Amino acid sequence: MNVSNNDGSVVALVPAAGRGVRLGESTPKAFVTVGGTPMVRLAVDGLIASGAVDRIIVMVPTELVESAVALLPPSESVRVVIGGAERTDSVRCGIAAAPHAAHFLVHDAARALTPPELIARVVAELRAGAEAVVPALPVVDTIKSVDARGEVTGTPDRAGLRAIQTPQGFAADLLRAAYADERLQATDDAGLVELLGTRVRTIPGDPMAFKITTRLDLLLANAVLDGARMAGRS
């Protein structure tokens, strides 16, 4: 795909408008704290620390715009915009706010502990010419497909399965095209570009890029940060 009318920049889009019902918190998930810091701040700090991202756009609910601006780094490279009712709506808002980007990263705020090195590796793949690249980990559990009654219909070979993480990276025109057709539906951004017929490349992910979705995940994330702080004092 030929990228035109771009400024060569890498723009990270951080959807942070979700309510996170499964986490069981009254606060929107991205604003729940891990080790005393909101997840969205940790995610943005990781993007900045990677040294590979030029601008960051965070999409939040209307009523939390001022709060987000106050808790995020005071930098011209970080911008807060109003997101949408669904994640896809929020990403669409972020894309519209960066019309001249050459590359997009879409990064879940809930993957708050993602190592900056992983982010830099995704960007390196994009700059080397990849149109779509995602971090992936081998699946360690046995996976079963089931029918509507809950009965097993098959056991796929897990050797060919991967658990996909973020940030997911794309040539900007490719992601714009995927989001331009509102009829396309997928569970992640890579799924949308796959529907356009684009091959998506995987790179090795990192266990620290796990998604904080449930109370157990939140306990794990807090324990990881506590452990890192204790190690830093020793």
Side-chain angles (χ1 to χ4, degrees), residues 12-16 18-24 29-30 32 34 39-40 42-44 46-47 50 52-53 86-88 90-91 103-126 130-147 150 152-170 174-175 178 184-225 227-228:
L13 308 178
V14 183
R19 294 296 169 183
V21 174
R22 285 175 290 178
L23 197 57
K29 180 164 66 171
V32 173
V34 176
M39 282 192 248
V40 65
L42 291 172
V44 168
L47 289 163
S50 75
V53 176
E86 303 293 336
R87 183 182 186 279
T88 52
S90 290
V91 174
H103 307 286
F104 281 122
L105 299 183
V106 185
H107 187 40
D108 295 331
R111 298 185 188 273
L113 305 186
T114 299
E117 296 79 11
L118 176 58
I119 298 166
R121 286 195 285 115
V122 173
V123 173
E125 291 287 331
L126 292 174
E131 284 193 302
V133 56
V134 298
L137 289 177
V139 174
V140 296
D141 293 322
T142 296
I143 304 297
K144 302 284 187 183
S145 58
V146 299
D147 60 20
V152 172
T153 60
T155 306
D157 181 4
R158 67 184 180 192
L161 299 176
R162 295 294 182 271
I164 302 303
Q165 303 177 319
T166 72
Q168 298 188 0
F170 306 94
L174 174 62
L175 195 65
L184 298 180
Q185 298 291 327
T187 57
D188 70 348
D189 305 282
L192 287 178
V193 304
E194 289 166 34
L195 294 174
L196 297 179
T198 300
R199 299 291 292 264
V200 177
R201 179 181 301 174
T202 64
I203 64 170
D206 192 294
M208 289 294 292
F210 67 94
K211 190 174 184 179
I212 303 170
T213 302
T214 67
R215 295 293 300 176
L216 182 60
D217 299 328
L218 186 58
L219 287 170
L220 174 60
N222 277 295
V224 168
L225 282 188

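If you're wondering where the values come from, they're calculated on a predicted model, not measured in any experiment. When a residue number appears, it is its place in the shown sequence, counting from 1.
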Roughly how far apart are [X] [atom1] and [Y] [atom2], rounded to 0.5 Å?
X	Y	atom1	atom2	answer
Thr202	Gln165	OG1	CD	11.0 Å
Thr155	Ile143	OG1	CD1	10.0 Å
Thr142	Arg158	OG1	CZ	4.5 Å
Glu131	His103	CD	NE2	10.5 Å
Lys29	Thr213	NZ	OG1	4.0 Å
Leu47	Thr114	CG	OG1	8.0 Å

[X] vs [Y] side-chain heavy atoms within contact, under 4.5 Å:
X	Y	answer
Val134	Asp188	no
Ile203	Leu118	yes
Asp217	Thr214	yes
Asp206	Pro135	no

What are the two closest non-hydrogen atoms of [X] and [Y], and how far apart are they?
X	Y	answer
Pro156	Ser145	CD-N, 4.4 Å
Leu105	Gly169	CD2-CA, 3.7 Å
Val146	Val152	CG1-CA, 4.1 Å
Leu184	Ala178	CD1-O, 3.6 Å
Ala190	Gln168	N-OE1, 2.9 Å
Phe170	Leu126	N-CD2, 3.6 Å

State whether the side chain of [X] and the backbone N or O of [Y] hold a donor-acceptor pair below 3.5 Å, judged by distance alone.
X	Y	answer
Thr153	Asp147	no
Asn222	Leu219	no
Asp157	Ala159	yes
Arg111	Ala209	yes

Fill in: Residues Asp189 and Arg87 bridged, charged N to O under 4.0 Å
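Yes, this pair counts.
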